[in-house]
Amino acid sequence: MERIELSYPASETLPNKALSGVVGSGDMEVLFAPEQSAGTLSVVIKTSVDGSGLRWQHLFERLASLRTLPAGRLEINDFGATPGVARLRVEQVFEEATHA
């Protein structure tokens with residue numbers, strides 16, 4: 001298991017906590033907790049795929065280039081999800097936090 005910590009500037013605020021995905025499915029889960037005054041998105045990834053730090057960094061850099069990142073804490077528990085599924089789960093949790 002590898003633990004990866006990333007941090008990105010965030011200017012959007014979302015009103016709610018949210019969860020996307022399920023660890024038990026062999027996939028991944030993403031939990032988001034908003035922080036209204038933080039100004040950063042703190043990302044903590046626990047993954048079964050050793051050496052995947054650069055892949056995660058690229059995923060979040062791409063997301064940041066396409067959308068405004070929300071302030072808060074994002075916790076990801078990954079058990080070998082593909083990059084496409086990882087991006088989908090992150091986008092789903094942000095969407096859920098907007099409407100929950």
Side-chain angles (χ1 to χ4, degrees):
M1 294 290 286
E2 183 175 3
R3 180 183 168 94
I4 303 163
E5 294 187 31
L6 305 169
S7 183
Y8 295 93
S11 57
E12 183 180 3
T13 57
L14 298 179
N16 302 300
K17 292 180 179 181
L19 165 69
S20 176
V22 182
V23 171
S25 70
D27 195 62
M28 68 180 288
E29 72 177 356
V30 181
L31 300 95
F32 175 74
E35 293 178 13
Q36 305 302 328
S37 62
T40 62
L41 175 65
S42 299
V43 182
V44 176
I45 304 157
K46 295 175 207 149
T47 179
S48 63
V49 182
D50 291 335
S52 63
L54 191 57
R55 177 176 61 103
W56 283 103
Q57 184 178 348
H58 287 176
L59 182 135
F60 279 97
E61 287 171 359
R62 175 133 172 108
L63 280 174
S65 74
L66 298 173
R67 62 164 292 152
T68 304
L69 294 176
R73 179 175 172 85
L74 195 64
E75 189 173 319
I76 298 173
N77 297 306
D78 171 41
F79 287 92
T82 65
V85 169
R87 180 175 172 184
L88 176 69
R89 293 284 182 246
V90 171
E91 289 177 345
Q92 284 175 330
V93 82
F94 290 157
E95 181 70 22
E96 185 66 26
T98 302
H99 301 293

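Here, residue 1 is the first one in the sequence, and each next residue gets the next number.
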With a cut-off of 3.5 Å and sequence neighbours excluded, list every side-chain donor-acceptor pair involving residues 54-61.
| unit_1 | atom_1 | unit_2 | atom_2 | d |
| --- | --- | --- | --- | --- |
| Gln57 | NE2 | Glu61 | OE2 | 3.1 |

Checklist entry - Given side chains that start at C-beta, do those of Thr98 and Phe94 come closer than 4.5 Å, heavy atoms only? => result no

Item to check | Contacts of Glu91 that satisfy salt bridge (charged side-chain N to carboxylate O under 4.0 Å, His left out) - sequence neighbours left out | outcome: Arg87

Item to check | Qualifying residues under side chain to side chain donor-acceptor pair (under 3.5 Å), relative to Ser42, sequence neighbours excluded | outcome: none

Checklist entry - Under a single-linkage definition using a 4.5 Å side-chain heavy-atom cutoff for Ile, Leu, Val, Met, Phe, Trp and Tyr, are Val93 and Val44 assigned to the same hydrophobic cluster? => result no

Item to check | Contact summary for Ser52 and Ile4, nearest pair of heavy atoms | outcome: OG-CD1, 3.9 Å

Checklist outcome for this item: For Leu31, the hydrophobic cluster (side chain heavy atoms closer than 4.5 Å, chained through members) also holds Leu19

Checklist entry - What residue pairs, at least two apart or across chains, pass salt bridge (Lys or Arg N to Asp or Glu O under 4.0 Å) with a residue in residues 30-44? => result none

Less than 3.5 Å apart, which donor and acceptor atoms pair up between the side chains of residues 65-84 and the rest of the protein, not counting sequence neighbours?
| unit_1 | atom_1 | unit_2 | atom_2 | d |
| --- | --- | --- | --- | --- |
| Ser65 | OG | Arg62 | O | 2.7 |
| Arg67 | NH2 | Glu12 | OE1 | 3.2 |
| Asn77 | ND2 | Glu29 | OE2 | 2.8 |
| Asp78 | OD1 | Gly80 | N | 3.1 |
| Asp78 | OD1 | Ala81 | N | 2.9 |
| Asp78 | OD2 | Thr47 | OG1 | 2.7 |
| Thr82 | OG1 | Val85 | N | 3.3 |

Item to check | Exercise: identify the closest heavy-atom pair between Ala10 and Thr40 | outcome: CB-C, 3.7 Å

Item to check | Exercise: identify the closest heavy-atom pair between Gln36 and Leu14 | outcome: NE2-O, 3.1 Å

Checklist entry - Given side chains that start at C-beta, do those of Val30 and Phe32 come closer than 4.5 Å, heavy atoms only? => result no

Item to check | In one Ile/Leu/Val/Met/Phe/Trp/Tyr side-chain cluster, 4.5 Å: Met28, Leu63 | outcome: yes

Checklist entry - Distance-only, no hydrogens or angles: does the Glu2 side chain make a donor-acceptor pair with backbone N or O of Gly51 under 3.5 Å? => result yes

Checklist outcome for this item: Of all heavy-atom pairs linking Gln92 and Ser20, the shortest is OE1-OG, 2.9 Å

